[in-house]
Amino acid sequence: MMGSRSATHDKALEWAKGTHGKGSVGTFADTARFGELLFNCVSGVASLEALKAAGEANLGSKVLVDISNPLDFSKGMPPTLTVTNTDSLGEQIQRAFPTLRVVKALNTVNAGLMVEPVAVANGAHDLFMCGNDPDAKKKVLELLNSFGWKTVHDLGDITNARATEGLLPLWVRLFGAFQSPQFNFRVVR
Ligand SMILES: NC(=O)c1ccc[n+]([C@@H]2O[C@H](COP(=O)([O-])OP(=O)(O)OC[C@H]3O[C@@H](n4cnc5c(N)ncnc54)[C@H](OP(=O)(O)O)[C@@H]3O)[C@@H](O)[C@H]2O)c1
């Protein structure tokens, strides 16, 4: 289920139509109630507001994969980070919803690559993950592996979102240089 501010969001309905009955749309609250595993795919500056609309009771102790980035485009390109260095959006979400099991992942790659890593360098590139709950990270890792991710670096607790969100200023500049989002980072040692 894809949630938005309206249960009849045009683009969401269009998406659902293409899923041959597998996908549905609803409000943020409907979606949080429905989901077994939740994804925050809302604009970074609106993420806390959207999760508040989803409702603390509906979020409960579910696993939330937070793919958002705290990017401020108000002054044009390149965007700046709205939170950085000593805090992160991942931590802000975890603090606002203490029982929710937030796992920061996938925010460092383009949407297409998230679910098809093999599309670049035959999948030989890396992903980062962090969060406070080991079981939640295990579940997310299984899902990432099913998408084809082979190397996922678990950086530790959610404070490490400072580092993965902090990659975005570099990511957007590489995007500008390559004129394509089809690239990723690989750690060699
Ligand atoms: N696109 C990518 O390849 C990519 C890759 C990595 C991470 N991310 C992260 O994923 C998130 C979504 O990215 P995006 O590319 O789809 O574009 P975006 O412009 O960052 O986000 C657009 C989405 O946020 C929603 N939104 C905006 N303001 C809102 C508000 N006040 N309340 C509730 N919802 C609001 C929009 O809903 P409406 O349609 O209703 O306006 C739309 O669904 C971002 O945090 C981004 O950093 C994206």
Spacing of Thr164 atom OG1 and Met129 atom CE [to the nearest 0.5 Å]
11.5 Å

Check the pair Trp171 / Phe185 against ring pair (Phe, Tyr, Trp, His ring centres under 6.0 Å), numbers first and verdict last.
CA-CA 9 Å; Trp171 192 96; Phe185 302 107; 8.4 Å; no

More than 12 foreign heavy atoms under 6.0 Å from NZ of Lys150: is that the case here?
yes

Flag the pair Phe28 / Asn58 as yes when at least one side-chain heavy-atom distance between them is below 4.5 Å, and no otherwise.
no

Option among Ile67, Val115, Asn184 that satisfies the side chain to side chain contact (heavy atoms under 4.5 Å, CB included) test with Val109:
Asn184

Specify the closest pair of heavy atoms between Ala161 and Gly90, including all atoms of both residues, with the distance to one decimal.
CB-CA, 4.3 Å

For residues Thr31 and Gly3, report the shortest heavy-atom separation together with the two atoms involved.
OG1-CA, 3.0 Å

Within the 4.5 Å heavy-atom criterion, are Leu113 and Gln182 side-chain neighbours or not?
yes

For Ala29 against Ala53, the heavy-atom pair lying closest together
CB-O, 3.7 Å

Heavy-atom side-chain contact between Asn107 and Leu168 under 4.5 Å
yes

Roughly how far, to the nearest 0.5 Å, is the CE atom of Met114 from the CZ atom of Phe147?
10.0 Å

If you apply the rule salt bridge (charged side-chain N to carboxylate O under 4.0 Å, His left out), what do you find for Asp30 with Arg33, and how did you get there?
CA-CA 5 Å; Asp30 295 333; Arg33 210 175 297 119; 3.5 Å; yes

Looking at side-chain heavy atoms only, is the closest gap between Glu165 and Thr84 below 4.5 Å?
no

Which pair of heavy atoms, one from Lys139 and one from Arg101, lies closest together, and at what distance?
NZ-NH2, 4.1 Å

Of all the heavy-atom pairs spanning Pro78 and Arg173, show the shortest one and how long it is.
CG-NH2, 3.3 Å

Between Glu142 and Asn145, is any pair of side-chain heavy atoms under 4.5 Å apart?
no

Pair Asp126 + Arg186, salt bridge at N-O below 4.0 Å:
no

Side chains of Ser4 and Val25, heavy atoms from C-beta outward: is any pair under 4.5 Å?
no

Nearest heavy-atom pair of Gly156 and Lys137: which atoms, and what distance?
O-NZ, 3.1 Å

Please confirm whether the backbone N or O of Phe183 pairs with a side-chain atom of His125, one donor and one acceptor, at under 3.5 Å?
no

Rounded to the nearest 0.5 Å, how far does CG of Asp154 lie from CG of Leu141?
8.5 Å

Got a second to check how far Asp66's CG is from Leu38's CG, nearest 0.5 Å?
11.5 Å

Sub-3.5 Å donor-acceptor pair from the side chain of Glu49 to the main-chain atoms of Ala46, do we have one?
no

Less than 4.5 Å apart, any side-chain heavy atom of Leu64 and any of Leu51?
yes

Looking at CG of Leu13 and CE of Met2, how far apart are the two atoms once the value is rounded to the nearest 0.5 Å?
10.0 Å

Between Leu167 and Phe128, is any pair of side-chain heavy atoms under 4.5 Å apart?
yes

At what distance, to the nearest 0.5 angstrom, does CG of Leu127 lie from OG1 of Thr151?
9.5 Å

